[in-house]
Amino acid sequence: MSVRVRFAPSPTGYLHVGAARTALFNFMFAKHFAGTFILRSDDTDEARSTEEFQVDILEHMRWLGLDWGEGLEVGGPHGTYRQSDRYERYWAVALSLVDSGHAYYSFATADQLEAFKQEARANGTSPAYDGTLEPERAEVSRRMLDGDGPVIRFRVPRPGSTEFTDLVRDEMVFDHVQVDDFVIMRSNNTPTYHLASTVDDVDFGITHVIRGEDLLSSTPKHILITEAMGAERATYGHLSLLMGPDGKKLSKRHGDTALSAYREAGFLPDAMNNYLALLGWSPGEDETLVALDDMISRFDGTSISRNPAVFDPVKLEWMNGVYIREMSDDAFVAVARPLIEADLGRELEVDEVSDLAALAPAIKERTKLLAEIPDQARFLFVAPETYDDKAWSKVMETPEAPVALGAAVEVLESLAEWTTTAIDGALRSMLETNGLSAGKGFQPIRVAISGSTVSPPLFESIEVLGLDETLKRIERARSLLL
RNA sequence: GGCCCCGUCGUCUAGCGGCCUAGGACGCUGCCCUCUCAAGGCAGUAGCGCCGGUUCAAAUCCGGUCGGGGCUACCA
């Protein structure tokens, strides 16, 4: 049987890094076994689900390149893949479960359940609701006629236990005494997650359910429903949760968790995938940088780490820098150009694009986040109007600065050919003839042309800027020195 | 409280009884390279939570303990 896995986020929040990792693991697993990766929307929480979140999830799944072969928007044999469109089906299952005695109507109130729990605690017995309040058949019909809306609960067989072999945790056993008679259909006639998710997994022929560890203790419930439906259970695999630097479950208070924030900050999807895959999984001996295709060929769902992993943005940034450096110049220009144009508020001319391309290798090497590009490239397209205060006082207000700038103008003007090597040679001999150190002699020029003491390499920058522009900038700085 | 999961450098991890005086990566420190900043090269820093047990031999197996996490909703 071919592998069918699903990623089924609830649109109750933006796609966050933890969910993205779960999606990635499912994706890699499906691809590895040439199976089907399905994207579903578990939107049974009507109060918290929004279309905005749904759009965000879809958008960022696509951004990561985790394409699904079946599911939301792309369709398939199972409708819209939104649970909110399948309520009739869940109802039918719930009713048949009641008919078969696997489930029953319940009027138990929150207060009663709370009292049960308190008593259990006092007696030292399991606090999981055991269905002792189950009403008689006659009472059910009478109260329903009175307009009392019951919930439907699953009748967990006790004594008993559910055992399963978890893909990452091996043998698991849950005593049913610890599993409550959980609600499968709410009093407002909507299904709960346990029901909807399980019915979908059964109906869609899901073979492997790979999800977060937060669902581990709910798994017996899902297996119970599955088997009550007369279906074959899937293989379950529970991934450890992602943590913040303080060891607590990763959440907003740890900073950005939404994928959109990382995208906007200038992370590359390839870097994101590579990093996320390493959280709980290792591609092999001593390897860190691995392309997605490579990971897919090695990821078979075994040897997934059981311990929780701390999400470390610093390492992600390093990795992103590596991926940026590995981009071709063309690819780099393609992503850099719109960012620069947005920063400039205008489109780049054709020759400006070539300037950017010429300096691409130098800029790539200095970029960890795409969002840093405009700051680095701006001087190529607009002359500095102001200069960094500290830079000015440190390198311009020195006795050497006017000497260096004046001499630079002279040698550059008389250059026979305009190449990096020629500029390099000319400027270095200028240093020598004036008895200047590289620091004292070059930094004023850098500040004059870039406005800052930090910039891409000087000679390349000058070459790209061209003689006229370079002289203009140096002269302007000189005039401010007087 | 109950049930469940987890415990190797600060962080991500390799390790699956002898190959471990525990390997790699990020970070950090130093040095080299160098026109700034980077990148790169080299070196260094730092870990098997603890206590018992099994064994000729334990990071690796077992028990306990401590610590962290999850679930305990008509959320998912």
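Fair warning: this is a prediction, and the values are worked out from it, not measured in the lab. Lettering follows sequence order; numbering is per chain, from 1.
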Given the side-chain rings of A/Tyr105 and A/Phe154, with only the six-membered ring counted for Trp, is the space between their centroids under 6.0 Å? no
Using OP1 and OP2 only, check whether a side-chain N or O of A/Lys117 sits under 4.0 Å from B/A73. yes
Pair A/Glu51 + A/Arg82: basic N to acidic O under 4.0 Å: yes
Which ones in residues 448-460 of chain A lie close to RNA chain B, meaning a heavy atom under 4.0 Å from one of its atoms? A/Thr453, A/Val454, A/Ser455, A/Pro456, A/Pro457, A/Leu458, A/Phe459, A/Glu460
To the nearest Å, how far apart are A/Asp424 CG and B/C35 P? 8 Å
Decide, yes or no, whether a salt bridge links A/Arg366 with A/Glu372 under the criterion of side-chain N to carboxylate O below 4.0 Å. no
Start at the 5' end of RNA chain B and walk down; is the nucleotide closest to A/Gly124 or to A/Ser106 reached first? A/Gly124
Provide the distance between the two C1' atoms, one in B/C9 and one in B/G24, to the nearest whole Å. 12 Å
Would you mind pulling out the nucleotide paired to B/G27, Watson-Crick or G-U wobble, both distances under 3.5 Å? B/U45
Assess whether a salt bridge exists between A/Asp181 and A/Arg153, defined as any Lys/Arg side-chain N lying under 4.0 Å from an Asp/Glu carboxylate O. no
Are A/Phe267 and A/Tyr323 an aromatic pair, judged by ring center distance below 6.0 Å? no
Rounding to an integer number of Å, can you tell me how far A/Gln178 CD sits from B/G2 P? 10 Å
Name all residues meeting the ring pair (Phe, Tyr, Trp, His ring centres under 6.0 Å) criterion together with A/Phe381; count only those two or more places apart in sequence or in a different chain, and write none if there are none. none
Please confirm whether the shortest side-chain N or O distance from A/Asn189 to OP1 or OP2 of B/C74 is below 4.0 Å. no
Could you please name the partner base of B/G18, counting Watson-Crick and G-U wobble pairs only when both distances are under 3.5 Å? B/C56
For a quick check of understanding: with a heavy-atom distance under 4.0 Å over all strands, which category does A/Arg169 fall into, base, sugar-phosphate or nothing? sugar-phosphate
Check: A/Phe459 ring centroid to A/Phe442 ring centroid under 6.0 Å: yes
I'd like to know whether the aromatic ring centres of A/Phe25 and A/Trp281 sit less than 6.0 Å apart in this structure. no
In terms of side-chain heavy atoms of A/Phe174, which of B/C4, B/C12, B/C71 is nearest? B/C4
I'd like a table of atom pairs between the protein and nucleotides 24-28 of chain B - only N or O on both sides, under 3.5 Å - with the distance next to each one.
| from | atom 1 | to | atom 2 | distance (Å) |
| --- | --- | --- | --- | --- |
| B/G24 | O4' | A/Asp286 | OD1 | 3.4 |
| B/G24 | O2' | A/Asp286 | O | 3.4 |
| B/A25 | O4' | A/Thr288 | OG1 | 3.3 |
| B/A25 | N3 | A/Lys315 | NZ | 3.0 |

Applying a 3.5 Å limit to both distances, which nucleotide forms a Watson-Crick or G-U wobble pair with B/G1? B/U72
Distance check: side-chain N/O of A/Ser217 vs OP1/OP2 of B/U72, anything under 4.0 Å? no
Take the protein atom CG of A/Asp111 and the nucleotide atom P of B/C74, then report the distance between them rounded to whole Å. 13 Å
At less than 4.0 Å, is any side-chain N or O atom of A/Arg153 found next to OP1 or OP2 of B/C74? Yes or no. yes
From OH of A/Tyr236 across to C1' of B/C4 the rounded distance in Å is 17 Å
Does A/Arg306 pair with A/Glu213 as a salt bridge, N-O distance under 4.0 Å? no
Salt bridge (charged side-chain N to carboxylate O under 4.0 Å, His left out) partners of residues 190-200 of chain A, not counting sequence neighbours, each pair once: A/Arg40-A/Asp200, A/Arg86-A/Asp200
Any residue meeting side-chain hydrogen bond (donor to acceptor under 3.5 Å, both in side chains) with A/Asn26, in chain and number order, not counting sequence neighbours: none
If you restrict it to nitrogen or oxygen atoms, what contacts under 3.5 Å exist between nucleotides 19-22 of chain B and the protein, and what is each distance?
none

From CZ of A/Arg306 over to P of B/C12, roughly how many Å is that when rounded to an integer? 16 Å
First locate atom CD1 of A/Ile206, then atom CD1 of A/Ile38, and finally report the distance between them rounded to the nearest 0.5 Å. 3.5 Å
When the ring planes of A/Tyr87 and A/Tyr90 are compared, do they come out parallel, tilted or perpendicular, using 30° and 60° as the limits? tilted
Report yes if a side-chain nitrogen or oxygen of A/Arg366 is closer than 4.0 Å to either non-bridging phosphate oxygen (OP1 or OP2) of B/A39; otherwise report no. no
Would the base of B/C74 count as contacting A/Ser187 through its side chain, where contact means a donor and an acceptor less than 3.5 Å apart? yes
With heavy atoms under 4.0 Å as the rule, sort A/Val151 into base, sugar-phosphate or nothing. base
If you compare every side-chain N and O of A/Arg211 against the phosphate oxygens of B/A76 (OP1, OP2), does one of them come in below 4.0 Å? no
